[in-house]
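Shown next, in structure tokens, is the structure this report addresses.
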Amino acid sequence: MALEFKVLKESTECSARLGQIKTPHGVIETPVFMPVGTQATVKAMTPEEVRDLGAQIILSNTYHLYLRPGHKLIEEAGGLHKFMNWHKPILTDSGGFQVFSLNDLRKITEDGVEFRSHIDGSTHFISPEKSIEIQNSLGADIIMCFDECTPYPADYEYVKESMERTSRWAKRCKDYHENWDKQALFGIVQGGMYKDLREKSVKDILDIGFPGYAIGGLSVGEPLELMCEMLDFTTPMLPKDKPRYLMGVGTPDYLFEAVIRGIDMADCVLPTRIARNGTVMTSQGRLTIRNAEYKNDFNKLDPECDCYTCTNYTRAYIRHLFNVNEILGARLATIHNLYFLLKLMGNIREAIRQDRLMEYREEFYKKYGYIK
RNA sequence: GUGGAUAUGGCCUAGUUGGUUAAGGCGCCAGAUUGUGGCUCUGGAGAUCAUGGGUUCGAAUCCCAUUAUCCACC
């Protein structure tokens, strides 16, 4: 098997656990945050930089790489790892999120999804089998079942049909996938915000059986409390000896709350995207570095940070770079945000090890400004 | 010196035959961003329409003068 998961320690105060995932490209310490490199690159970063920031695994995207440069080309290049010179683990998303995000450019049928390319309008058809075929060519360590990420809000009947189709698609994905020794295929639980549908989805996906399980369809605009409620309900139904991956989560509070509820993996474009638009996360909360108040501020972004950006550059300089639209601004902010979140996850792992996660969360929330 | 043209928020402009709270872009200020989308999106502030006078029920729009700038000529 391509994946081995081991729980090293369970928290006595909550459902958090410390673990280890072994993949063909190395070991991942969990809970882990996975930076997103949609188009075979974490935007603005070299793979070496991403590695040095502490990333253990990155996520890339089936839909985008299928469109450009094409999965066959990447296969010809020797696979995604070699193509992009990233030799640690990779996870590819199945294209399922694009079923959600390209809402007005796609048509869902039982067989699969017809997409109109967001690039040139050309039509493409991705079925569960096609998604697996593409992901096999890309060669990521962990690949995902082709699903539909249902929107929020959505009515019961729609979510039910969607979830049941996702279950049928999961079976097809598993049947089609072959090289289990190199690539672990994860199943995805859906069901929107309806508990009975979540329960049914978990049952379906567990019946099919996968080396890891993802929870999809959360973090799609619902309030944090609702996501927590769904996690409280869903996560305990997932087996303890398999990794649990919450898709699309990337703010510190969502990450804390997810880990506390037993999540081992999460990914999000947020830290890199907001960095490109001039927002950084600091130990004292978010700040928009473009703002005038930083014009003459010669301190580092975060007084407690020791990343490359913070040890070398000031707020005033980074603000200047954004104001004159220089690429370096995006790079420095991305370096900082990724480092911040990866370090946070490291601290969370350490807190679990010391069995003081709740205390650490309290400290962090107070400083960050989530609670007063 | 003579002739001509232009003067609209910090900058560049739109304002149709004079008619409600002068429009837009850039810049400025602030916010957003959650398994897509690197120069994105959403708000906001800011103009007594060069100055003075006149015509008119009503003028950024018409007339006169002044000032400034630009062009051509002597």
Side-chain angles (χ1 to χ4, degrees), chain A residues 33-39 41-45 57-68 90-106 115-119 126 131 135 140 142-152 166 186 188-190 212-224 226-227 244-255 257-258 263 265-281 286-295 319 321-334 337 341:
Chain A
F33 174 76
M34 309 182 281
V36 176
T38 305
Q39 316 211 59
T41 164
V42 175
K43 294 183 196 299
M45 297 289 100
I57 170 173
I58 60 169
L59 186 138
S60 200
N61 197 283
T62 296
Y63 168 80
H64 294 265
L65 295 178
Y66 156 76
L67 288 181
R68 290 188 307 198
I90 298 177
L91 181 152
T92 45
D93 187 26
S94 64
F97 189 69
Q98 279 60 51
V99 183
F100 163 80
S101 63
L102 300 176
N103 198 267
D104 44 357
L105 290 174
R106 51 69 167 161
F115 290 100
R116 294 240 328 275
S117 163
H118 68 286
I119 301 161
I126 297 184
S131 175
Q135 295 188 77
I142 300 172
I143 67 177
M144 303 302 297
C145 282
F146 189 61
D147 67 329
E148 180 190 354
C149 176
T150 46
Y152 171 82
T166 287
F186 279 26
I188 304 175
V189 173
Q190 289 289 345
Y213 297 96
I215 299 177
L218 293 181
S219 191
V220 286
E222 79 282 7
L224 175 62
L226 185 53
M227 184 192 82
R244 303 159 176 165
Y245 164 27
L246 177 61
M247 309 182 81
V249 158
T251 56
D253 54 345
Y254 276 57
L255 288 169
E257 300 306 325
I263 293 298
M265 310 160 68
D267 76 286
C268 195
V269 298
L270 197 81
T272 47
R273 179 183 293 169
I274 66 175
R276 272 175 268 127
N277 291 318
T279 298
V280 294
M281 295 184 270
R286 276 169 65 146
L287 59 88
T288 307
I289 197 62
R290 288 180 276 104
N291 288 3
E293 62 178 302
Y294 307 117
K295 189 173 183 177
R319 176 187 128 90
L321 293 175
F322 272 99
N323 283 340
V324 294
N325 221 2
E326 280 290 344
I327 308 169
L328 186 58
R331 279 180 42 71
L332 293 178
T334 301
N337 274 356
L341 224 44

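What you see is a predicted model, and the numbers here were worked out from it, not measured in a lab. Residue numbers start from 1 in every chain, and the chains themselves are labelled A, B, ... in the order their sequence lines are given, proteins ahead of strands.
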Fill in: Separation of B:rG35 P from A:Leu255 CG (nearest whole Å)
12 Å

Discussion item. Please give the distance between the P atoms of B:rA45 and B:rA23 as a whole number of Å.
Written reply: 12 Å

Discussion item. Counting the atoms with a prime plus P, OP1 and OP2 as sugar-phosphate, which does A:Asp147 contact under 4.0 Å by heavy atoms, base, sugar-phosphate, or nothing?
Written reply: base

Discussion item. Check whether A:Ser60 reaches the backbone of A:Thr38 with its side chain - one donor and one acceptor, N or O, closer than 3.5 Å.
Written reply: yes

Discussion item. Between A:Arg319 and A:Glu293 (side chain of the first, backbone of the second, donor and acceptor by atom type, cut-off under 3.5 Å), is there such a pair?
Written reply: no

Worksheet item: Is there a donor and acceptor pair closer than 3.5 Å between the side chain of A:Arg273 and the base of B:rG38?
Response: no

Worksheet item: Looking at residues at least two apart in the chain, or sitting in another chain, which of them share a ring pair (Phe, Tyr, Trp, His ring centres under 6.0 Å) with A:Phe100?
Response: A:Phe97

Do any N or O atoms of the protein come closer than 3.5 Å to N or O atoms of nucleotides 28-32 of chain B, and which pairs are they?
from: B:rA30; atom 1: OP1; to: A:Ala292; atom 2: N; distance (Å): 3.2
from: B:rA30; atom 1: OP2; to: A:Asn291; atom 2: OD1; distance (Å): 3.4
from: B:rA30; atom 1: OP2; to: A:Ala292; atom 2: N; distance (Å): 3.0
from: B:rG31; atom 1: OP2; to: A:Asn291; atom 2: OD1; distance (Å): 3.3
from: B:rG31; atom 1: OP2; to: A:Asn291; atom 2: ND2; distance (Å): 2.5

Worksheet item: Rounded to the nearest 0.5 Å, how far apart are CZ of A:Arg68 and OG of A:Ser117?
Response: 7.5 Å

Worksheet item: Quantified in whole Å, what is the P atom distance between nucleotide B:rA60 and nucleotide B:rU16?
Response: 12 Å

Worksheet item: With distance as the sole test, does A:Thr288 use its side chain to make a donor-acceptor pair with the main-chain N or O of A:Arg290 at under 3.5 Å?
Response: no

Practice prompt. Would you indicate what A:Glu257 reaches in the nucleic acid, counting non-hydrogen atoms under 4.0 angstrom: base, sugar-phosphate, or nothing?
Written response: nothing

What nitrogen or oxygen pairs link the protein and nucleotides 24-26 of chain B at under 3.5 Å?
none

Worksheet entry | B:rU51 to B:rC41 separation - P atoms, rounded to the nearest Å | 36 Å

Practice prompt. With heavy atoms under 4.0 Å as the rule, sort A:Asp93 into base, sugar-phosphate or nothing.
Written response: base

Worksheet item: Given B:rU40, is OP1 or OP2 found less than 4.0 Å from the side-chain N or O atoms of A:Arg276?
Response: no

Worksheet item: Using atom C1' of each nucleotide, how far apart are B:rU42 and B:rG4 to the nearest Å?
Response: 47 Å

Item to complete: Ignoring hydrogens and angles, tell me if any N or O in the side chain of A:Thr62 forms a donor-acceptor pair with the backbone of A:Gln135 under 3.5 Å.
Response: no

Practice prompt. Scan A:Ile188 against the nucleic acid and name what it touches under 4.0 Å (heavy atoms): base, sugar-phosphate only, or nothing.
Written response: base

Discussion item. If I pick the P atom on B:rU48 and the same atom on B:rG9, what distance separates them, to the nearest angstrom?
Written reply: 8 Å

Worksheet item: Considering only the C1' atoms, how many Å lie between B:rA50 and B:rU6, rounded to the nearest integer?
Response: 11 Å

Item to complete: May I have the distance from A:Leu59 (atom CG) to B:rU36 (atom P), rounded to whole angstrom?
Response: 6 Å

Discussion item. In dot-bracket form, 5' to 3', how is RNA chain B paired? Count Watson-Crick and G-U wobble pairs only if both distances fall under 3.5 Å, and write | where the partner sits on another strand.
Written reply: (((((((..((((.....[...)))).(((((.......))))).....(((((..]....)))))))))))).

Table of protein N/O atoms under 3.5 Å from nucleotides 42-45 of chain B N/O atoms:
none

Response to the item:
A:Tyr245 atom OH is separated from B:rG35 atom P, nearest whole Å, by 9 Å

Worksheet item: With nearest nucleotides of RNA chain B determined for A:Ala44 and A:Leu270 from heavy-atom distances, which residue corresponds to the more 5′ nucleotide?
Response: A:Leu270

Worksheet item: How are the rings of A:Phe115 and A:Tyr63 set to each other: parallel, tilted or perpendicular (split at 30° and 60°)?
Response: tilted

Worksheet entry | Partner of A:Leu332 under side-chain contact (heavy atoms from CB on, under 4.5 Å), chosen from A:Ile327, A:Val280, A:Asn337, A:Leu321 | A:Leu321

Discussion item. I need the CG-P distance between A:Asn61 and B:rG37, as an integer number of Å.
Written reply: 8 Å

Which atom pairs, one a donor and one an acceptor, fall under 3.5 Å between side chains of residues 267-274 of chain A and the rest of the protein, sequence neighbours left out?
from: A:Asp267; atom 1: OD1; to: A:Tyr245; atom 2: OH; distance (Å): 2.7
from: A:Asp267; atom 1: OD1; to: A:Gly248; atom 2: N; distance (Å): 3.0
from: A:Thr272; atom 1: OG1; to: A:Val269; atom 2: O; distance (Å): 2.9

Discussion item. Reading RNA chain B from 5' onward, which residue's closest nucleotide shows up sooner: A:Ile274 or A:Thr38?
Written reply: A:Ile274

Discussion item. Between C1' on B:rG35 and CZ on A:Phe100, what's the gap in Å once rounded to a whole number?
Written reply: 10 Å

Discussion item. Looking at B:rC39, I'd like to know if its phosphate oxygens (OP1 or OP2) sit under 4.0 Å from a side-chain N or O belonging to A:Lys43.
Written reply: no

Item to complete: In whole angstrom, give me the gap between the C1' atoms of B:rC49 and B:rG18.
Response: 14 Å

Worksheet item: Quick one: does A:Thr166's side chain have a donor or acceptor within less than 3.5 Å of a partner on A:Glu148's backbone?
Response: yes

Discussion item. Determine whether a donor-acceptor pair (N or O, by modelled atom type, separation under 3.5 Å) exists between the side chain of A:Arg331 and the backbone of A:Ala44.
Written reply: yes

Discussion item. What I'd like to find out is whether the side chain of A:Met247 reaches to under 4.5 Å of the side chain of A:Phe186, using heavy atoms alone.
Written reply: no

Item to complete: Pick base, sugar-phosphate or nothing for A:Leu218, based on heavy-atom distances below 4.0 Å to the nucleic acid.
Response: nothing

